[in-house]
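Treat the numbers as computed from the prediction; the structure is a model and nothing was measured. This chain uses plain numbering: 1 for the first residue, then up along the sequence.
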Amino acid sequence: MPEDSHYTVPADGKKISSKNDQLIIPKNPIIPFIKGDGIGLDIWHATEMVINTAIKKAYKGKRIIHWMEIFAGEKSYNEFGKWLPDETPAAIKDYHVAIKGPLTTPVGGGIRSLNVSLRQILDLYACIRPVRHFEGVPTPLAKPGALNVVIFRENTEDVYAGIEWESGSDIANRFIKMIKDEYNKDIRENSGIGIKPISPFGTKRLVRKAIQYAIDNNRKNVTLVHKGNIMKYTEGAFRDWGYELAKDEFSDSTIIEAVFWDEYSGMVRDKVVVKDRIADAMFQQILLRPDEYEVIATSNLNGDYLSDACAAQVGGLGMAPGANISDDVALFEATHGTAPKYTNQDKVNPSSLILSGVMMLDYIGWRESGSLIIDAIRETILQKKVTYDLERQMDGATKLSTSGFAEAIISNM
């Protein structure tokens, strides 16, 4: 730990370590957490209660997480004068696994998004968003249970790389002139300019992780989602490189959709089917034929849209967990914003962060405790004991506070 660090390392815990690309998880791991801004304090308190109780019940007190608070966002800025101290991503990297509440996006100061900054600094290239419906959660769909998909969104490339220049700026004007003079392509005067990089390296490591997840979790298919019919050398290349990766590295365990139907009439059952869909058509598919999709691998902007659209079908972002993962670092997080108007009101739904905690427990191999939480959330919702966002849409429901909802989940373990 740096000498000038603002965080305190728990004396009784042990660090998660890595050996031969495998995490070594002690029975008393130290896991860093960031409470988050706005509603972050309330939902973190609820999440910590639920996770600690589930671990205690699942392992009879033989395992325990030692939580270590690290800092980012408004609390960090107010106390230490920095939105994102260097020690924070360093601690996440050093301890391998961390969890965070929502962070505000500061106005000015050179940081356009703390969330994006953490992903880029730590090279957390895979944003993983599992989306499924809990029976009883209000939804606009007739059969929301048909949607059970895990989205793998590339996190470091595409327009989110942040390579852009303002309208009228010297570099934007020079770029426009260069395109005209050297490539005979017209761009309107005073256009803002953005660059959309998509690489074989970034694509293949994302698709590799998606396919491996499908194999490890008995998922039947992986769909490459792209807009390659228009952007042939970026989105189209994403599709091509994805298929190439499947052929080169997973030929024994995957089969291309065309081959699956044309040569085997859809009768192969022991391989993961790899297919692709155009992005705009995919939005229709997840509404009309959601049961045909189990794992989605896609580029950054497509993944942003798709993950939120899928979440809307099962109750919104308040019910949607997420994680940002590299090869040896994982940061789990609530997928919604800070909702500052509800700060310190003990009112909002903590399910997104709690379910992200379940993802974290699964990631470190403590699945028994995660299963306890899932079953208890399901039972609590069926009892119609929910926070205001769900209660107002459910007949005969009991409205609970954030902490009250956490206590109801605990009582159902």
Side-chain angles (χ1 to χ4, degrees), residues 1-19 21 23-26 28-45 47-48 51-52 64-127 155-156 160-162 322-335 337-338 340 343 353 356-357 359-360 363-364:
M1 183 180 69
E3 290 184 4
D4 59 348
S5 172
H6 300 104
Y7 61 84
T8 301
V9 178
D12 296 330
K14 292 184 178 180
K15 287 174 64 173
I16 293 173
S17 58
S18 178
K19 185 176 182 180
D21 297 325
L23 292 181
I24 301 171
I25 312 295
N28 57 340
I30 297 170
I31 295 184
F33 70 94
I34 300 170
K35 290 181 180 178
D37 298 324
I39 60 174
L41 183 63
D42 287 344
I43 65 172
W44 170 252
H45 175 66
T47 298
E48 185 178 17
I51 291 176
N52 288 346
I64 185 173
I65 289 176
H66 292 273
W67 300 106
M68 180 177 77
E69 185 176 9
I70 56 177
F71 303 96
E74 291 178 344
K75 181 175 181 178
S76 176
Y77 184 77
N78 291 336
E79 294 190 14
F80 314 123
K82 293 183 178 180
W83 289 100
L84 183 62
D86 292 342
E87 66 180 37
T88 295
I92 295 170
K93 183 176 182 179
D94 194 29
Y95 286 83
H96 295 284
V97 177
I99 187 169
K100 60 176 279 295
L103 292 174
T104 191
T105 297
V107 178
I111 297 178
R112 67 176 61 190
S113 167
L114 295 173
N115 295 317
V116 172
S117 295
L118 282 167
R119 294 167 193 167
Q120 292 179 343
I121 292 168
L122 294 166
D123 196 27
L124 302 172
Y125 63 84
C127 177
N155 242 350
T156 63
Y160 277 72
N324 296 286
I325 296 177
S326 69
D327 291 328
D328 64 349
V329 176
L331 177 60
F332 300 85
E333 65 178 2
T335 58
T338 58
T343 299
L353 191 58
S356 298
M359 290 181 71
M360 183 192 74
Y363 183 80
I364 65 174

Of the non-hydrogen atoms in [X] and [Y], which two are nearest, and what is the gap between them?
{"X": "Y7", "Y": "E87", "result": "CD2-OE2, 3.6 Å"}
{"X": "H96", "Y": "I16", "result": "CD2-O, 3.0 Å"}
{"X": "L124", "Y": "S326", "result": "CD2-N, 3.8 Å"}
{"X": "P26", "Y": "P29", "result": "O-CD, 3.3 Å"}
{"X": "A334", "Y": "S356", "result": "N-OG, 4.1 Å"}
{"X": "K93", "Y": "L122", "result": "CB-CD2, 3.8 Å"}

Are the side chain of [X] and the backbone of [Y] linked by a donor-acceptor contact shorter than 3.5 Å?
{"X": "T343", "Y": "P340", "result": "yes"}
{"X": "N28", "Y": "D12", "result": "yes"}
{"X": "D37", "Y": "E74", "result": "yes"}
{"X": "T156", "Y": "Q120", "result": "no"}
{"X": "S76", "Y": "K82", "result": "yes"}
{"X": "T47", "Y": "I43", "result": "yes"}

Check against side-chain contact (heavy atoms from CB on, under 4.5 Å), L41 and K75
CA-CA 11 Å; L41 183 63; K75 181 175 181 178; over 6 Å; no

Could you tell me the separation between the [atom1] atom of [X] and the [atom2] atom of [Y], rounded to the nearest 0.5 Å?
{"X": "I121", "Y": "L114", "atom1": "CD1", "atom2": "CG", "result": "9.0 Å"}
{"X": "I70", "Y": "I99", "atom1": "CD1", "atom2": "CD1", "result": "11.5 Å"}
{"X": "W83", "Y": "F71", "atom1": "CH2", "atom2": "CZ", "result": "15.5 Å"}
{"X": "I24", "Y": "S17", "atom1": "CD1", "atom2": "OG", "result": "4.0 Å"}
{"X": "I25", "Y": "I31", "atom1": "CD1", "atom2": "CD1", "result": "7.5 Å"}

Name the orientation class of the two ring planes belonging to W44 and W67 (parallel below 30°, tilted from 30 to 60°, perpendicular beyond 60°).
perpendicular

With under 30° as parallel and over 60° as perpendicular, where do the rings of Y363 and F332 fit, or are they tilted in between?
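Ring orientation of Y363 relative to F332: perpendicular.
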
Might you confirm whether atom CG of D21 has over 12 heavy atoms from other residues, nucleotides or ligands at distances under 6.0 Å?
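Result for CG/D21: open.
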
Counting neighbours of NZ on K15 that are heavy atoms of other residues, nucleotides or ligands and sit closer than 6.0 Å, is the number greater than 12?
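Yes, enclosed.
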
When you compare the side chain of [Y] with that of [X], does any pair of heavy atoms fall below 4.5 Å?
{"X": "M359", "Y": "I325", "value": "no"}
{"X": "I92", "Y": "L118", "value": "yes"}
{"X": "E333", "Y": "I34", "value": "no"}
{"X": "L103", "Y": "L84", "value": "no"}
{"X": "V9", "Y": "M68", "value": "yes"}

Residue pair H6, F80: steps toward the ring-ring contact (aromatic ring centres under 6.0 Å, His included) verdict
CA-CA 8 Å; H6 300 104; F80 314 123; 3.8 Å; yes

